[in-house]
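Comments concern the structure below.
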Amino acid sequence: MSGGKLFDRVALIGLGLIGGSLGHAMKRRGIAGHVSGYARSATTRARALEIGFIDSAHETAAAAVADADLVIICTPVGALAEIAGDIEPALRKGAIVTDVGSVKVAVVRDVGPHIPDGVHFIPGHPIAGTEESGPDAGFAELFDGRWCILTPVPGADTHAVEKLTEFWTACGSNVDIMEPRHHDLVLAIVSHLPHIIAYNIVGTASDLETVTQSEVIKYSASGFRDFTRLAASDPTMWRDVCLNNREPILEMLARFSEDLTALQRAIRWGDGDVLFDLFTRTRAIRRSIIDAGQDSPMPNFGRNPTHAKPDGKDGQ
Ligand code: NAP
C-alpha cells in the first residue's frame, strides 16, 4: 500500500451504474492509487475514461486485472463465469477478488473454481442502486448509508475480509456478513419479488384492451407510476437474477400467490377487517424503513412537489 491508499491498484470489470459509482466513490476518498477498467464495448471503456472514474482502460479483462490488489467484477451475474475464466491466469498472488452481483450462491458456484491458490475470493452485494444503467449512471454517493453484504466462503482469509470491509466503509457503506444461501433468500423477498411483481403489473397494464395505453400513462400518478421505476430496471441484469436465484424466488412467489388469494377472498366477501388490518400492518413497515434511514421521510418519496398535488399526495 502506498501514500495512505487502501489499495495500490483496483480493477473494475464492468463500468456501468455500480462499477461507475465505485470508481467515483474511490476518487472521492482517494481509496486507490490507480483504477483500471474493462467493459465489453470500446464505447463504454472510452466513456468511463472520459468521465474520469477510471485511470486506464484495457481491451481485455485479463489486462485490466494484471497487478491489481483488488478486483471488483461489476457485470450482470450471467457473465461472471466467463470473466472469471478470462482473468484466472492474470490474477496476482495475494489479490482480493470480489463482485457486486445481486445473487450469491450462483456467483460462488461460477467464480469459485477459477480462483487460484493464494488469491482471496470474497463475494459481495451492495444494497444500493437505481433504475439507470451504463457508465453515465454512476455517482459517488450511491453507497452512502446503504448496506453492503459480504458472503465469504468457509475458510476465507480474515485479514482479506477485514480489508474489503474497510473498502466498503470508505465507499460510504455499512457492512454485514452473511452466508450466501441466506443472502439469496433475504434478497428474494426484499428485492427480487418486488421487481418481478413490478414487471408483471406493468406488463398487465400494457396488455389491457379495455383501458387504453394513453389512459394508463395519463393517470399513472394514482399508483402505477411507482411500479414503473422498478419495472424500468435493466432487463439483462434482471433476467440473470431470475435465472440464477430460481428456487428462493419461486418459494417467495408461492407465498405471495397464497397471500394474494387470501386478499382476493377478503375483497370478494367484503371482509373489511382483514383488509384494514393488513393495510395498517404494512403502513407500519414503511415507517420502520424511514426510521432506519433507508428512505426519505418526505411525502411522495421526496419527489419534486410541482409533480404532485399540493398536499403531497398523488391523485388516488
Ligand atoms: P450496468 O449499468 O448495465 O453495467 C454493466 C456493465 O457490465 C457494463 O459496463 C457492461 O459493458 C458490462 N458487461 C456486461 N456484460 C459483460 C461481459 N460479458 N463482459 C464484460 N463486461 C460486460 O449494470 P449495473 O446496474 O452496474 O449492474 C452490475 C451488477 O451489479 C449486476 O451483477 C447486478 O446484479 C449488480 N447490482 C445492481 C444493482 C442495481 O440497482 N443496478 C444494485 C446492486 C447490485 P457494456 O456497457 O460494454 O455492455
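Order of listing sets the numbers, starting from 1, for every ligand and every atom in it.
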>> I need the minimum non-hydrogen distance between A205 and V216, along with the two atoms involved.
In response: O-CG2, 4.1 Å
>> Looking at K93 and D69, is there a salt bridge between them, counting it only when a charged N and a carboxylate O are closer than 4.0 Å?
In response: no
>> By the definition side chain to side chain contact (heavy atoms under 4.5 Å, CB included), identify the one residue from V35, L22, I54 that meets it with K27.
In response: V35
> Who are the ring-ring contact (aromatic ring centres under 6.0 Å, His included) partners of F121, not counting sequence neighbours?
Replying inline: none
>> Holding to side-chain contact (heavy atoms from CB on, under 4.5 Å), I want the full list of residues that pass it with R229, two or more places apart in sequence or in another chain.
In response: E131
>> I'd like to check the ring-ring contact (aromatic ring centres under 6.0 Å, His included) partners of H24; sequence neighbours left out, ordered by chain and number.
In response: F53
> So which protein residues pack against ligand 1 under 4.0 Å, heavy atoms counted?
Replying inline: G14, L15, G16, L17, I18, Y38, A39, R40, S41, T44, C74, T75, P76, V77, A79, I83, V100, G101, S102, H125, P126, A128, G129, T130, S133, G134, M237
